[in-house]
Structure formats: C-alpha cells, structure tokens
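Working notes for the structure below.
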Amino acid sequence: MNKYIEGFLSAISFFTLIPAGGKYEISRHTMYFFTIAGLVTGLIAGIPYLLLSPYSPFIASAIAVSIIVIIYGFNHFDSIMDFGDSFMVRGTEAKQRVIKDRYTGSGGIGMVFIIYVPAIAFLTFFNPLSGFMVIISGEMVSKYATLISMYRSKPFGTGIGSMFISLVGTWSVLLNLIPLALIAFFNLYNIGIASGVLITAYAIKRGMEKQYGGINGDLIGSVGEISRTLFYFLSFIFVILHLNLFLL
C-alpha cells in the first residue's frame with residue numbers, strides 16, 4: 001500500500017473512532033494527515049449542527065460538541081481533566097505526579113466546565129451555515145495547534161506523547177498547512193483568527209514546558225481542546241464586530 005494512503009488511514013483509525021479498516025502502524029506519514037483528521041471530525045459534527053440549529057441552537061451546539069468529544073474516544077476530554085487537576089498544584093514534580101495519576105478532582109471537573117460550556121455557548125450564537133463552517137475550521141485549527149504543541153517539544157516520561165513528539169518533524173508542520181488553508185475559503189478573516197489561536201497555543205505550550213518540565217500526552221491534548229474553544233471565541237468576537245467575509 002502507498003505509504004501516504006496508509007498514513008491517511010492510520011491517522012483516521014488512530015486519532016478517531018471512525019473505522020478505517022485494517023491495522024496500521026503509527027509513523028511519520030501518519031502525522032502528515034493530522035489536520036485531515038480534524039476536517040473529517042468537523043464535518044461529522046457540523047452536519048447535525050447545520051440541520052438542528054434552525055430549530056434549537058442550544059441542542060445543535062451541545063450535540064456538535066458531544067460528537068467531537070465522542071469521535072476522539074474521550075481521550076482529549078480525559079486530558080483536560082488531568083490537566084485541570086495538575087494545574088491546581090505547585091511544583092514541577094507535583095504537577096507531573098498529579099497529571100499521571102488516575103484520580104479526578106475538582107480541578108479536573110472545573111476545567112471541563114471552563115473549556116466545554118463556553119464552546120457550546122459560543123456556537124449557539126452563529127447562524128446554521130456560519131456555525132457549520134466554524135465547527136469545521138475550529139477542528140482543523142485545534143488539530144494543527146495540537147501538532148504545534150508537539151513540534152520540537154521536550155517530553156517528560158515515556159508514553160504515547162513522547163512517541164508522537166518523536167514523529168513530528170518539519171514536514172509534518174508544513175504539509176498540514178495545506179488542508180488548514182481551506183479555512184480561508186470559508187471566511188478570509190479565519191486567517192487572522194487561526195493565527196491568533198496558534199500563537200496562543202504555542203505560548204501555552206512553552207508555559208507548560210516550563211511549569212511541568214516538559215510535555216506529555218495529556219498536555220498535548222489539552223492544548224488542542226483549549227485552542228478549539230479559543231477559535232470559537234474569536235470567531236464570535238469577529239461576528240459581533242461584523243468582521244465576516246465569507247467566500248463560500
């Protein structure tokens with residue numbers, strides 16, 4: 001099988017619950033399609049939103065966000081909870097210990113509310129078509145921010161996060177820009193919104209490296225979840241300022 005086709009299928013089968021058929025190894029080619037996995041997920045979550053939003057924006061938004069969480073197998077949801085618990089303690093060693101334990105405390109529950117409740121609230125504001133495009137664009141930017149959080153990062157511990165960091169190279173960052181460029185066709189202002197999100201995501205990543213002594217899988221997943229909500233928020237700000245220039 002062509003290594004790029006295998007990379008695409010492995011990205012879909014590993015990063016989502018979508019059945020791609022067969023068993024594929026995780027390789028550098030898998031990381032080339034990281035943003036594509038976000039595009040597919042955004043489409044799946046966006047269609048119910050598009051259909052239901054005219055009747056109930058809240059239900060449409062809640063279902064869309066729930067679908068996103070489910071498609072990723074609750075992995076990023078769990079990452080946010082672990083990050084929330086570790087965020088509440090001080091000291092590098094304590095943060096590393098808490099983020100790795102299996103317990104969930106008030107910090108984890110609080111972080112879930114901080115990330116997902118606003119995401120649902122922001123989506124209720126958009127009209128069906130613009131919200132549909134925001135969901136797709138937000139998912140792609142979220143995945144690219146996740147990729148950025150792994151690029152030339154310092155891992156701590158041994159685990160899946162360390163493995164992914166070792167696989168992300170310059171080609172991964174460059175090739176994932178190609179599908180990401182599609183968001184400009186939804187709204188030209190998405191270029192500015194995405195740039196703001198990605199700069200913030202990189203700053204968050206650098207802060208995490210400093211506070212935790214490196215990056216692990218939970219922190220990587222958290223960067224992506226934070227970035228999605230930030231994309232929704234900035235899109236909301238652009239709408240209320242009447243800064244929308246849709247091409248499609």
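All values derive from a computational prediction rather than experimental measurement.
- Residues Asp82 and Ser79 have side chains that never bring a donor and an acceptor to within less than 3.5 angstrom of each other.
- Taking Phe14 as the reference, Phe164 meet the ring-ring contact (aromatic ring centres under 6.0 Å, His included) condition, with sequence neighbours excluded.
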> What do the steps show when you test Ile67 against Tyr49 for side chain to side chain contact (heavy atoms under 4.5 Å, CB included), and what is the final call?
Replying inline: CA-CA 10 Å; Ile67 288 174; Tyr49 175 92; over 6 Å; no
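- Within the structure, ring pair (Phe, Tyr, Trp, His ring centres under 6.0 Å) contacts touching residues 124-158 (residues at least two apart or in different chains) are Phe125-Phe236.
- Among pairs with a residue in residues 50-60, none fulfils side chain to side chain donor-acceptor pair (under 3.5 Å), at least two apart in sequence or across chains.
- Remark: Ser227 pairs with no residue by the side chain to side chain donor-acceptor pair (under 3.5 Å) rule, at least two apart or across chains.
- Here Ile114 contributes atom CD1 and Ile109 contributes atom CD1; the two are 12.0 Å apart, rounded to the nearest 0.5 Å.
- With 3.5 Å as the limit, one finds a donor-acceptor pair spanning the side chains of Tyr212 and Ser86.
- Among pairs with a residue in residues 169-179, none fulfils salt bridge (charged side-chain N to carboxylate O under 4.0 Å, His left out), at least two apart in sequence or across chains.
- When atom types are taken as modelled, the side chain of Ser142 and the backbone of Gly138 share no donor-acceptor pair closer than 3.5 angstrom.
- Partners of Ala181 according to the side-chain contact (heavy atoms from CB on, under 4.5 Å) rule, which considers only residues two or more places apart in sequence or in another chain, do not exist here.
- Within the structure, the salt bridge (charged side-chain N to carboxylate O under 4.0 Å, His left out) test picks out no pair touching residues 180-198 (sequence neighbours left out).
- Taking a 6.0 Å sphere around CD1 of Ile59, one finds it holds 12 or fewer heavy atoms contributed by other residues, nucleotides or ligands.
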Give every donor-acceptor pair under 3.5 Å between a side-chain atom in residues 197-205 and any protein atom, sequence neighbours left out.
{"unit_1": "Thr200", "atom_1": "OG1", "unit_2": "Gly196", "atom_2": "O", "d": "2.8"}
{"unit_1": "Tyr202", "atom_1": "OH", "unit_2": "Arg206", "atom_2": "NH1", "d": "3.2"}
{"unit_1": "Lys205", "atom_1": "NZ", "unit_2": "Ser153", "atom_2": "OG", "d": "3.3"}

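- Ser61 pairs by the side chain to side chain donor-acceptor pair (under 3.5 Å) definition with nothing, not counting sequence neighbours.
- Identified under the salt bridge (charged side-chain N to carboxylate O under 4.0 Å, His left out) test for residues 219-230, with sequence neighbours left out: Glu139-Arg228, Glu225-Arg228.
- By the ring-ring contact (aromatic ring centres under 6.0 Å, His included) test, Phe33 is found to be paired with Phe8, residues two or more places apart in sequence or in another chain being considered.
- In terms of heavy-atom proximity, Ala145 sits nearest to Val223 at O-CG1, 3.8 Å.
- The main-chain N or O of Ile183 is found under 3.5 Å from a side-chain atom of Asn190 such that the two form a donor-acceptor pair.
- Counting only residues at least two apart or on different chains, no side chain to side chain donor-acceptor pair (under 3.5 Å) pair has a member in residues 89-99.
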